[in-house]
Amino acid sequence: MNIGLKLSRRNFMKTVAAMGATAFLTAFKADIVKALTDVKDYWHICWINGASCSGCTISFAQIAEPDLIQVLTEITVGTSGLPIALPDYMETIHPASGTLAESLKERWAEGQQGKRIMVVEGSIQDPGWCLIANKDFREHVRETAETADAIVAVGQCATYGGIPSAKPNPTNARGLKDYLTEIGINKPVINLPLCPVNGEHVLLTLAAVMINAPVELDEHGRPKAFFGTNMHDELCPYRPYYDRGIFITVPGEGEGCRYKIGCKGPLTHTDCPSRKWVNHTSYCVEVGAPCIGCSEPGWPDRFSPFYKEIPGMPTLLGVDATTLGQGLLAATAAGIVVHGVKRAATGKKKEEKKEEV
Ligand code: SF4
Ligand code: SF4
């Protein structure tokens, strides 16, 4: 199948990675629409919510380019005439309620027609903490996962546990993949973290699944197209300030890198600086706040306290980033620090991997 003239299915996510999600959507919306018209089976979506604030649903509903109206009216799948993202069941914003809503979920799980994508928002807790229609959320997850053709976890809570899993984690909240492994369901899960998820990430991932485009995942189950770059090393527009030792010390005030107010960009892999939020207006760091690392496993505990400098940030011969910026060692030393930061980030990831094994 070809997506338009230039973009093959195989290249779909690679091109997303190269261009960034936003630019890709702008340039190739028509191609995605065209590719989706060739899809034979309509993909049915079941979007369920566990321990969450429903912010990911809101974030998806506020998708800007294309906006939700375009998603629902212009991007249809195959000959169905139905939009790419009209879930058969969606806990928060579908019109049905009560037993009718539950019967829609059951019909989806029976899967009489078409293929099925399970979307999960929110973390999974121990029995008794989350009941929906008088049934434990874990049961809903199991039944839905057993019959799903593709599984997507949206937001930090569904991917890695998120806020509900913060210490002391009294409900034993965890991410979807961990729970499915626990109950012996070993299907692949595409993780789309961030708090909340970005709507463009969701739409592009659903499109990729539907046209059977390969989605290359990193070691934490995230599409490399969205989460394959280190924010501090590769994307942050404030990096020149870091290298010159110019920092702000009060959130939102002055010009400078946000490292001193706790920016966790050096440990964070995400395309936030190029994709941004709210119709591509801005993102955390740009409005004068630190990045608090919500794209990463182990968040929030591993990144707390949010507004303190990363402890153990590498120094060169005892010289910290601020001193470097005072012109003592200039560019060469800054380059060495960059590698130190990279090593720190990688080391952290390795440690984390060890813990997971
Ligand atoms: S510490 Fe944060 S604000 Fe400073 S350059 Fe790195 S990512 Fe950007
Ligand atoms: S900039 Fe950092 S804290 Fe903000 S959404 Fe992106 S990963 Fe999360």
Side-chain angles (χ1 to χ4, degrees), residues 20-22 53 55-56 58-60 62 154-157 159-160 162-163 166 191-202 218 220 222-223 226-278 280-315 320-322 324-325 334-335 337-342 344-345 348:
T22 304
C53 65
C56 294
I58 305 298
S59 185
F60 181 61
Q62 289 179 339
V154 299
Q156 165 64 226
C157 301
T159 50
Y160 311 125
I163 295 277
N191 280 335
L192 301 178
L194 296 180
C195 183
V197 75
N198 185 276
E200 288 176 4
H201 286 173
V202 179
D218 70 6
H220 303 300
R222 305 174 291 193
F226 310 138
F227 299 99
T229 47
N230 178 273
M231 187 161 127
H232 174 85
D233 282 350
E234 294 163 80
L235 289 177
C236 184
Y238 299 90
R239 181 55 195 265
Y241 288 117
Y242 178 90
D243 290 341
R244 285 153 56 211
I246 301 171
F247 302 101
I248 64 168
T249 51
V250 178
E253 282 187 17
E255 275 294 306
C257 160
R258 282 58 168 142
Y259 171 67
K260 294 279 176 194
I261 57 165
C263 187
K264 306 299 186 292
L267 307 175
T268 301
H269 295 76
T270 177
D271 63 1
C272 293
S274 53
R275 175 173 39 77
K276 302 189 181 180
W277 298 82
V278 197
H280 318 304
T281 305
S282 197
Y283 74 109
C284 311
V285 173
E286 197 169 286
V287 297
C291 166
I292 55 174
C294 71
S295 60
E296 302 301 312
W299 188 88
D301 294 335
R302 190 157 77 82
F303 294 83
S304 300
F306 290 154
Y307 302 106
K308 288 257 164 63
E309 275 179 46
I310 301 169
M313 194 74 172
T315 58
D320 66 15
T322 311
L324 281 176
V337 170
V338 172
H339 292 299
V341 172
K342 271 187 177 161
K348 194 94 182 174

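Whatever order the structure lists ligands and atoms in, that order sets their numbers, starting from 1.
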Atom 4 (Fe) of ligand 1 reached by Cys257 (N, O or S, under 2.8 Å):
yes
Which distance, rounded to the nearest 0.5 Å, do you find between the SG of Cys294 and the CG of Leu194?
5.0 Å
Distance under 4.0 Å to a non-hydrogen atom of Arg239: what atoms of ligand 1 satisfy this?
5 (S)
Please work out whether any backbone atom (N, CA, C, O) or any side-chain heavy atom from C-beta onward of Cys291 is under 4.0 Å from ligand 2, and answer side chain, backbone, both or neither.
both
Going by ring pair (Phe, Tyr, Trp, His ring centres under 6.0 Å), Tyr259 matches just one of Tyr238, Tyr242, Tyr241. Which one?
Tyr242
Validate the cation-pi geometry between Lys264 and Phe303: distance from NZ or CZ to the six-membered ring centre under 6.0 Å, angle to the ring axis within 45°.
no
Protein contact of atom 3 (S) of ligand 2 - nearest heavy atom, named by residue and atom, plus distance
Ile292 N, 3.2 Å
Rounded to the nearest 0.5 Å, how far does OG1 of Thr270 lie from CG of Asn230?
10.5 Å
Leu194 neighbourhood, listing ligand 2 atoms whose heavy-atom distance to it stays under 4.0 Å
7 (S)
Parallel, tilted or perpendicular: ring planes of His201 versus Phe226, cut at 30 and 60 degrees:
parallel
N, O or S atom of Cys195 closer to atom 8 (Fe) of ligand 2 than 2.8 Å
no
Quick one: does NZ or CZ of Arg302 land under 6.0 Å from the six-membered ring centre of Trp299, within 45 degrees of the ring axis?
no
Out of Pro193, Cys272, Gly265, who gets a non-hydrogen atom closest to atom 6 (Fe) of ligand 2?
Cys272
Tell me which protein heavy atom sits closest to atom 8 (Fe) of ligand 1, plus the residue, atom name and distance to 0.1 Å.
Cys236 SG, 2.3 Å
Between Arg239 and Glu234, is there a donor-acceptor pair closer than 3.5 Å when you use the side chain of the first and the backbone of the second?
no
Min over Cys263, Cys284, Pro237, Gly256 of heavy-atom distance to atom 2 (Fe) of ligand 1 lands on Cys263
One residue to check: Val285. Relative to ligand 2, which of side chain, backbone, both or neither has a non-hydrogen atom less than 4.0 Å away?
neither
